[in-house]
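Here's the structure we're looking at; comments come further down.
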There are 2 protein chains.
Amino acid sequence: MVKKTKEEALETRNLLLDTAECVFNQKGVSGTTLADIASAAGVTRGAIYWHFKNKADLFEAMCERVRLPMETMIAAGAEDGVADPMGELRKTVDYFFLKVATDLHHHRVFDILFNKCEFVEQLGPIIDRDARVREAFRERFERTFANAVRLGQLPASTNVPLAVNAYLSYTKGIMRSWLLEPESFDLHRDGMRMMDGFFDMLGSSTALRD
Amino acid sequence: MVKKTKEEALETRNLLLDTAECVFNQKGVSGTTLADIASAAGVTRGAIYWHFKNKADLFEAMCERVRLPMETMIAAGAEDGVADPMGELRKTVDYFFLKVATDLHHHRVFDILFNKCEFVEQLGPIIDRDARVREAFRERFERTFANAVRLGQLPASTNVPLAVNAYLSYTKGIMRSWLLEPESFDLHRDGMRMMDGFFDMLGSSTALRD
DNA sequence: TTAATCATACATTCATGTATGTATAATTGA
DNA sequence: TCAATTATACATACATGAATGTATGATTAA
């Protein structure tokens, strides 16, 4: 075929990433071959091997497209959230739910990460990366919850680590439920109602206090 | 090799299922070959192909060993739970958490189902089965929540379908969090504290009411 | 002229499924 | 009861297809 201009090459790269999202979603990560993606994208495996080292590299690049905006959002929230920690926690889930519900890329990639790939050592760097991100999130939220306690937004006896675990479990649980059955409820509207119930609980129930 | 007696044959079958749990857990379902399982069990693929049709059949049998006790427990709870619906809901999670936290088979299999396998059409009957089970659970819990409202255990304006989604999302979220990081909290003790917070919330917060 | 952007062709590995072999438990018949 | 037969419970060997990675070719932007 003809040689493409740099812009066209970048287009095919994005096309490959878009196509990978769809095919991974349909057949699972380990269930799809590079030939599947290539044919679905209307190219050959040569194109894939030019832009990416292998399937793992392609998968990582696909994740990166949605991970970066997420992490920058988190980093941004950490700055201006000190005055209103609980408000920041609410904003964070709100952003996540809205993003996944409205942006197809986020929808597909999170669906893949939650339900269409196997979290085993084989993924290597993905797992490590994910573990580090989880740890960073946990630390970040621990500080936020601690700030909320300090500012009187939460009861002084709140068990912060437990509350963080509950917060993470609930948000991910809602996310995963919706990804498995998007028709069963509205992620943004109903999901935030659930989270508001959670935030109410932190103030009223003694279950997560020492 | 020698021909085994019927009992010995059943032992190797169970050995294969046990080994499959471990290997699937380490390398993921699609990442493990039947040769992996065979060598880990100290037999050859011939043994596997004698007891099971193929990998999917082995996987299904492995799931069945934990699914059956679960479903009978659910069915039993449906009988004597009509007098105290909320108590039944609590008992159900309590049983789940305790079982997964203490029984290695349940721990491994749920870990596989949650994190180490791809929920795509390829699994075929597993997916269908799971969808039917989910639907049955949802109906069951919808009735239970409705009973709780009728008996005055929950506010009359409670949005039952939303509450059910919240209940399912929370329990599964807690389960999954713990399976990913078993050291981060105690599934039974802390998990039930989280759920108690949830039950408190249903009575105090207006977030899940109409 | 060179190097980028793929398509094409080829070699290799690897998992699967099946066919066959084998030794013995289980069963049958007298 | 005891050989003779049969079916069981695997191990071994083989054929097949499929996915991967690489090497090479072709065309044209730079």
For this session: May I ask you to list the residues of residues 5-14 of chain B, by number, that have any heavy atom positioned under 4.0 Å from an atom of DNA chain C?
Result: Thr5(B), Lys6(B)
Exercise. What pairs with Asp111(A) under salt bridge (charged side-chain N to carboxylate O under 4.0 Å, His left out), at least two apart in sequence or on another chain?
Worked result: Lys116(A)
Exercise. Of all residues at least two apart in sequence or in a different chain, which pass the salt bridge (charged side-chain N to carboxylate O under 4.0 Å, His left out) check with Asp130(A)?
Worked result: Arg67(A), Arg134(A)
For this session: Can you run down the ring-ring contact (aromatic ring centres under 6.0 Å, His included) pairs that involve residues 86-110 of chain B, sequence neighbours left out, and say none if there aren't any?
Result: His107(B)-Trp178(B)
Exercise. Mind checking what makes side chain to side chain donor-acceptor pair (under 3.5 Å) contact with Thr32(A), not counting sequence neighbours?
Worked result: none
For this session: Give me the one residue out of Val43(A), Ile48(A), Leu17(A) that meets side chain to side chain contact (heavy atoms under 4.5 Å, CB included) with Ile37(A).
Result: Ile48(A)
Problem set entry | Contacts of type side chain to side chain donor-acceptor pair (under 3.5 Å), residue Asp57(A), not counting sequence neighbours | none
Seminar exercise, completed: Sequence neighbours excluded, the answer for salt bridge (charged side-chain N to carboxylate O under 4.0 Å, His left out) partners of Arg209(B) is none
Exercise. Considering only heavy atoms, which members of residues 21-29 of chain B lie under 4.0 Å from some atom of DNA chain D?
Worked result: none
Exercise. Who passes side chain to side chain donor-acceptor pair (under 3.5 Å) against Glu118(A), sequence neighbours left out?
Worked result: Ser30(B)
Exercise. Counting only non-hydrogen atoms, which of residues 32-60 of chain A are less than 4.0 Å from DNA chain D?
Worked result: Thr33(A), Leu34(A), Arg45(A), Tyr49(A), Asn54(A)
Seminar exercise, completed: side chain to side chain donor-acceptor pair (under 3.5 Å) filter on Lys27(A), not counting sequence neighbours, yields Asp36(A)
For this session: Please identify each residue that fulfils salt bridge (charged side-chain N to carboxylate O under 4.0 Å, His left out) with Arg129(B), with sequence neighbours left out.
Result: Glu64(B), Glu71(B)
